[in-house]
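Written below as structure tokens is the structure these notes are about.
Computed from a predicted structure; not experimentally measured.
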Amino acid sequence: MTELISIKEAPKHVNEEVRLHVWLTDKRSSGKIMFLQLRDGTAFFQGVLRKNDVSEEVFAAAKELRQEASFYLTGTIHEDQRSHFGYEVQISDLQVVSNNDGYPIGNKEHGVDFLLDNRHLWLRSKKPFAIMQIRNTMFKATVDFFEKEGFVKFDAPIFMHSAPEGTTQLFHVDYFKHDAYLSQSGQLYGEAGAMAYGKIFTFGPTFRAEESKGRRHMTEFWMMEPEMAWMHQDESLDIQERYLAYMTKQVLEHNQYELSILGRDPDKLRPTTEGNFTRLSYDDAVKMLQDAGRDFKWGDDFGAPDEEVISKSFDRPVFIVNYPTSIKQFYMKKNPDNPKEYLCADVLAPEGYGEIMGGSEREGDYEVLKQQIEDAGLNLADYQWYLDLRKFGGVPHSGFGMGFERTIAWICKLDHIREAIPFPRLINRMQP
């Protein structure tokens with residue numbers, strides 16, 4: 001019986017007869033020859049159907065195929081160096097499964113809003129396909145990396161009774177007549193996991209009620225957040241560097257085809273695989289911006305244009321370390337050498353993409369953390385369980401968080417973060 005394969009497996013079956021189940025993305029005819037552009041979820045390639053090689057019924061059925069028709073085909077795999085994929089199939093038979101007219105996304109330019117309205121169908125197109133395949137590689141690389149490093153996957157709740165970073169950008173939920181919020185971070189619960197299991201990482205959806213239409217913001221996105229007991233900030237930076245280097249290397253090894261679809265130059269990503277990320281102090285970053293003519297003073301937080309100026313000066317991610325305490329969160333540990341700073345760092349992606357990761361050494365002293373919670377104007381009772389982590393067996397510990405879609409946007413060189421997730425949620429979009 002002829003073997004059923006995926007398009008991605010075609011290179012293993014050159015000059016062999018195979019079967020595939022496919023969808024039609026486009027079609028053109030040249031007299032007695034039809035060229036069918038095909039996809040199956042693993043790759044795209046061309047099927048060639050010659051009238052003299054098939055029955056009249058098969059040729060007639062092929063002529064009637066419309067965009068996104070689904071069918072089985074039988075054919076022989078050949079090399080085709082003219083295509084991105086490098087192979088095509090000479091079709092000898094096909095059996096139509098469904099064939100409907102009126103597919104709304106044609107092979108022409110469409111507006112962004114139209115494509116987002118039809119996101120459930122747009123996902124089938126080449127660019128979204130390539131992005132989602134790369135996203136999948138990055139997800140797998142994340143799990144593999146932290147497993148090799150001895151981390152435990154730890155799941156934080158989505159419903160939270162308090163906020164790690166204040167309630168101004170949280171989605172409020174009426175939770176059986178009690179106040180609750182959709183999670184903006186799994187970090188605090190991750191710290192509980194670290195005190196139980198040593199090294200953990202959370203990975204799941206998070207939510208920010210931030211009314212921004214910027215290219216780096218969505219209301220729902222995924223965060224990857226490791227927490228590590230017995231670890232200081234410098235050791236955490238080492239892990240962050242190794243992680244980004246490993247993940248980028250995996251994309252270069254497994255997604256050359258998808259990068260070529262996106263027109264992404266792999267040479268722009270190779271420096272990241274080498275590590276050796278610069279650790280730039282906040283003070284030096286301020287000076288860099290001032291030297292570049294930016295109106296920026298010590299104590300300001302970096303905006304997207306500021307991050308763009310800094311990140312364009314490096315060919316790989318760069319750490320900015322030790323921010324002023326006035327612009328960071330209450331749970332961070334102060335720098336013993338300068339109490340006006342926290343022991344923290346953000347990672348800026350190169351090519352102007354800006355912040356993709358942020359982390360710190362966490363404050364481990366019960367009394368100091370209690371005071372910082374009060375100074376932040378937060379309800380101490382909401383954080384008593386968090387203080388317990390210091391009261392009972394507290395140790396030095398560190399952690400960080402990575403915005404998954406922001407990192408995908410950089411790897412894929414996307415104009416907007418909304419392309420990096422299957423169904424983006426924006427302040428003006430909840431459909432489909």
Side-chain angles (χ1 to χ4, degrees), residues 5-12 20-23 25 38-45 84-87 115-116 119-149 151 153-155 186 201-206 216 218 220-226 240 242-266 268-270 272-273 317 349 353 356-357 401-425 432:
I5 70 165
S6 67
I7 293 176
K8 194 171 184 178
E9 295 171 314
K12 303 175 184 177
L20 299 101
H21 37 52
V22 297
W23 290 272
T25 67
L38 310 171
R39 67 173 188 88
D40 72 345
T42 70
F44 293 75
F45 78 161
H84 279 300
F85 187 64
Y87 300 86
L115 292 173
L116 287 173
R119 182 67 169 168
H120 56 298
L121 301 176
W122 185 26
L123 286 168
R124 306 177 184 189
S125 301
K126 274 191 174 183
K127 185 178 181 182
F129 160 84
I131 295 167
M132 294 306 138
Q133 292 287 349
I134 291 171
R135 181 187 175 109
N136 186 62
T137 296
M138 293 169 63
F139 173 81
K140 183 177 184 301
T142 297
V143 174
D144 290 347
F145 175 84
F146 286 105
E147 184 177 274
K148 290 174 184 176
E149 291 278 341
F151 284 68
K153 172 67 168 67
F154 186 80
D155 297 318
F201 72 103
T202 70
F203 200 170
T206 52
R216 301 196 303 166
M218 293 188 293
E220 177 183 339
F221 55 96
W222 281 62
M223 286 282 286
M224 192 285 302
E225 299 178 282
Q240 293 173 53
R242 292 202 304 274
Y243 165 55
L244 281 176
Y246 177 82
M247 183 169 58
T248 306
K249 185 177 181 181
Q250 291 302 301
V251 170
L252 289 174
E253 287 185 2
H254 298 286
N255 296 106
Q256 287 290 328
Y257 170 62
E258 288 81 7
L259 291 171
S260 70
I261 288 175
L262 296 173
R264 180 58 157 135
D265 182 357
K268 295 290 187 180
L269 298 172
R270 294 195 206 284
T272 299
T273 67
Y353 274 87
I356 56 172
M357 296 168 68
M402 183 188 79
F404 200 45
E405 285 77 22
R406 284 190 179 185
T407 309
I408 294 167
W410 158 55
I411 292 284
C412 296
K413 200 173 184 181
L414 306 179
D415 291 332
H416 199 293
I417 194 175
R418 65 192 169 210
E419 296 185 78
I421 195 168
F423 293 98
R425 294 293 178 251

Practice task
Decide ring-ring contact (aromatic ring centres under 6.0 Å, His included) for Y87 and F45; before the verdict, give the C-alpha distance in whole Å, the side-chain angles of both, and the deciding distance to 0.1 Å.
Solution key: CA-CA 7 Å; Y87 300 86; F45 78 161; 8.4 Å; no
Practice task
Given side chain to side chain contact (heavy atoms under 4.5 Å, CB included), test Y246 with T273 step by step and report yes or no.
Solution key: CA-CA 6 Å; Y246 177 82; T273 67; over 6 Å; no
Practice task
Dump the intermediate steps for ring-ring contact (aromatic ring centres under 6.0 Å, His included) on F44 and F129, then the final yes or no.
Solution key: CA-CA 10 Å; F44 293 75; F129 160 84; 5.1 Å; yes
Problem - Evaluation steps, side chain to side chain donor-acceptor pair (under 3.5 Å), between S6 and D40 - result: CA-CA 7 Å; S6 67; D40 72 345; 4.6 Å; no
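F85 and Y257 have their aromatic ring centers within a separation under 6.0 angstrom. In summary, the aromatic rings of F203 and F139 are positioned with their centroids under 6.0 Å apart. Residues F221 and F404 place their aromatic rings such that the two centres sit no closer than 6.0 Å. Centroid-to-centroid, the aromatic rings of Y243 and F145 come within less than 6.0 Å.
With I131 as the partner, the side chain to side chain contact (heavy atoms under 4.5 Å, CB included) test is satisfied by one option alone out of I411, L123, I408, I421: I408.
For the pair L115 and K127, the minimum side-chain heavy-atom distance is 4.5 Å or more. Under the 4.5 Å side-chain criterion, counting only non-hydrogen atoms from C-beta, L121 is in contact with R124. Within the 4.5 Å cutoff, no side-chain heavy atoms of M402 are placed close to those of M223. Annotation: side chain of I356 is in contact with side chain of L244 (closest heavy-atom distance under 4.5 Å). Residues L38 and T25 are not in side-chain contact: their nearest non-hydrogen atoms beyond the backbone lie 4.5 Å or more apart. Looking at heavy atoms from C-beta onward, M138 lies out of side-chain contact with Q250 at the 4.5 angstrom threshold. Under the 4.5 Å side-chain criterion, counting only non-hydrogen atoms from C-beta, R406 is not in contact with Y353. Contact annotation: the side chain of M357 never approaches that of P317 to less than 4.5 Å [non-hydrogen atoms, C-beta and beyond].
In plain terms, the two heavy atoms of K126 and I261 that are nearest each other are O-CG2, 3.8 Å. Between P422 and R119, the shortest heavy-atom contact is O-NE, 2.6 Å. Residues E225 and G401 share a closest heavy-atom pair of CG-CA, 3.8 Å. Here the shortest heavy-atom pairing between M224 and T142 reads CG-CG2, 3.6 Å. A pairwise comparison of heavy atoms in A420 and A409 identifies CB-N, 4.4 Å as the closest pair.
Q133 contributes atom CD, which lies 11.0 Å from atom CG of L262 (distance to the nearest 0.5 angstrom). Within the model, atoms NE2 of H416 and CD of E405 stand 12.5 Å from one another, a figure rounded to the nearest 0.5 Å. If you take OG1 on T248 and CD on E253, they are separated by 11.5 Å, rounding to the nearest 0.5 Å. In this structure, the separation between OG1 on T206 and CE on M218 is 9.0 Å, given to the nearest 0.5 Å. Atom CZ of F151 is separated from atom OG1 of T202 by 11.5 Å, given to the nearest 0.5 angstrom. Note: T407 OG1 to M247 CE = 5.5 Å, rounded to the nearest 0.5 Å.
The environment of E147 atom CD is sparse: at most 12 non-hydrogen atoms of other residues, nucleotides or ligands sit within 6.0 angstrom. With a 6.0 Å radius and a threshold of 12 heavy atoms from other residues, nucleotides or ligands, K140 has its NZ atom at or below the threshold.
R242 has a carboxylate O that lies under 4.0 Å from a charged side-chain N of E149, or vice versa, which qualifies the two as a salt bridge. Between K148 and D144 there is no salt bridge, since none of the side-chain N atoms of the basic residue sits less than 4.0 Å from a carboxylate O of the acidic one. Using a cut-off of 4.0 Å between Lys/Arg side-chain N and Asp/Glu carboxylate O, R264 and E258 are scored as not salt-bridged.
Side chain of E220 to main chain of R425: no donor-acceptor pair is present (N/O by atom type, distance under 3.5 Å, no hydrogens or angles).
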